[in-house]
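The next block holds one structure in the form of structure tokens; read it before the comments.
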There are 2 protein chains.
Amino acid sequence: MKNIFGFRPGNISLYKLAFLHKSAGYETGIGIMVNNERLEFLGDAILDAVVADFLFKKFPTRDEGFLTEMRSKIVSRVQLNKLSQKLGIDELIKLDSNSNGQYRSYGGDAFEALIGAIFLDKGYLFTRKILLNRIIDHYFDLGVLENQELNYKSKIIEWAQKERKQLQFKVIDEVGSGYRKQYIVAVVVNGKVVAQSQHYSIKGAEQLSAEKAWMQIPQSERD
Amino acid sequence: MKNIFGFRPGNISLYKLAFLHKSAGYETGIGIMVNNERLEFLGDAILDAVVADFLFKKFPTRDEGFLTEMRSKIVSRVQLNKLSQKLGIDELIKLDSNSNGQYRSYGGDAFEALIGAIFLDKGYLFTRKILLNRIIDHYFDLGVLENQELNYKSKIIEWAQKERKQLQFKVIDEVGSGYRKQYIVAVVVNGKVVAQSQHYSIKGAEQLSAEKAWMQIPQSERD
């Protein structure tokens, strides 16, 4: 059996685990949670490393500020969620059927978990090859990314003015405490929450939620 | 010639570059900055990946929250600065001689740049082996780290009360704008700045600077 990336997996159980969302996970007799969150932790780190490795070599004359920004654009939650859809990962994810719509980034999370599974199964170089040849080459236009405006908040404010929508950014909750405290900010359009995100700063959460909201706006209204 | 980790480097120029702090860097004729910041960007990502890989396998029953926290403790700026000192990296770094004391984490930065250089020179598996056998095994006690209290702000407040010192946390500057804005917070003891750090949130910057300040307190006053 070959998988969505066209290679023959070794340890099938790793890949099954990668698609097991926490809402459909379970607890073993000795209190261990079984879901894809550990693999997501690992895959997130491997993805960051592979993309850093790739960008470092691809742009030998650019400074670390440029490399950092390009990586943020490639591994953003919005991009990874879109990737998960395009690759058909979304359909493979096991979610609790009662949680409809509650988890908005399970796709990107599962994509990262899948990277973790490939890494454990096949190692760094293989994972790098898959990511570069099957993902970055196919789904990312680096020239477009380089010029892409990152300030989604101002883009969505402009859109709201043009389309005469009532727009608000609202801090709706805080999670964690101390220096791990994060703010949850919602984008509210005509009184309806269209997107929300959390971040360590309110400004950060505003940008992330603005980016999510932006992706829902029809292409025809974006210019 | 063997280096501080006991292996024979291939591409010496990479290692020289890893020790070239930006204050002693230079600009080429075509406007490219030559210093260790690009290697630091790469090494930071590789270090995160290796530590994630290591912790994932070392703690097969722990959840991703535990893995994330343990990694933060291992790769914290304070730990990396200490490592740089212990390994003798500090003495190899080229710094502008006029910048005395201005750059407090050049050691940790150079350690990360060195990891980037090893990775480019020898690949992922070799870098992993060096990090596990020469660094984590030698310099980290995972049991101690697991139980280590992370809230340095409250630790330093307790210390100040016990030692009758006047203590303040002050936001002294902001850098960047929009969602990349960071706050610089100083720890001020008896009117003197003893440490400072930057972070996306004030709380985060307070914790990071408190951690730096804590490391300067004599062991005898820490309990």
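Throughout, a chain's letter reflects where its sequence line sits, starting with A, and its residues are numbered from 1.
Residue Thr68(A) holds its OG1 atom at 9.5 Å from CD of Glu37(B), rounded to the nearest 0.5 Å.
Counting non-hydrogen atoms of other residues, nucleotides and ligands closer than 6.0 Å to NZ of Lys122(B) gives a total above 12.
Between chain B and the options Val34(A), Ile32(A), Leu67(A), the largest number of non-hydrogen pairs under 4.5 Å is found for Leu67(A). Of the listed residues (Leu120(A), Ile202(A), Leu125(A)), the greatest number of heavy-atom pairs within a distance under 4.5 Å of chain B belongs to Leu120(A).
Proximity to chain B (any heavy atom under 4.5 Å) is restricted, for Arg71(A), to the side chain, taken from C-beta onward. Heavy atoms of Phe119(A) lying under 4.5 Å from chain B belong exclusively to its side chain.
Against chain B, the residues from residues 38-63 of chain A that qualify, each with a non-hydrogen atom under 4.5 angstrom away, are Arg38(A), Leu39(A), Phe41(A), Leu42(A), Ala45(A), Ile46(A), Asp48(A), Ala49(A), Ala52(A), Asp53(A), Phe56(A), Lys57(A), Phe59(A), Pro60(A), Thr61(A), Arg62(A), Asp63(A) in number order.
For Ser76(B), the side-chain contact (heavy atoms from CB on, under 4.5 Å) test picks out Val78(B), Gln79(B), Glu211(B), with sequence neighbours left out.
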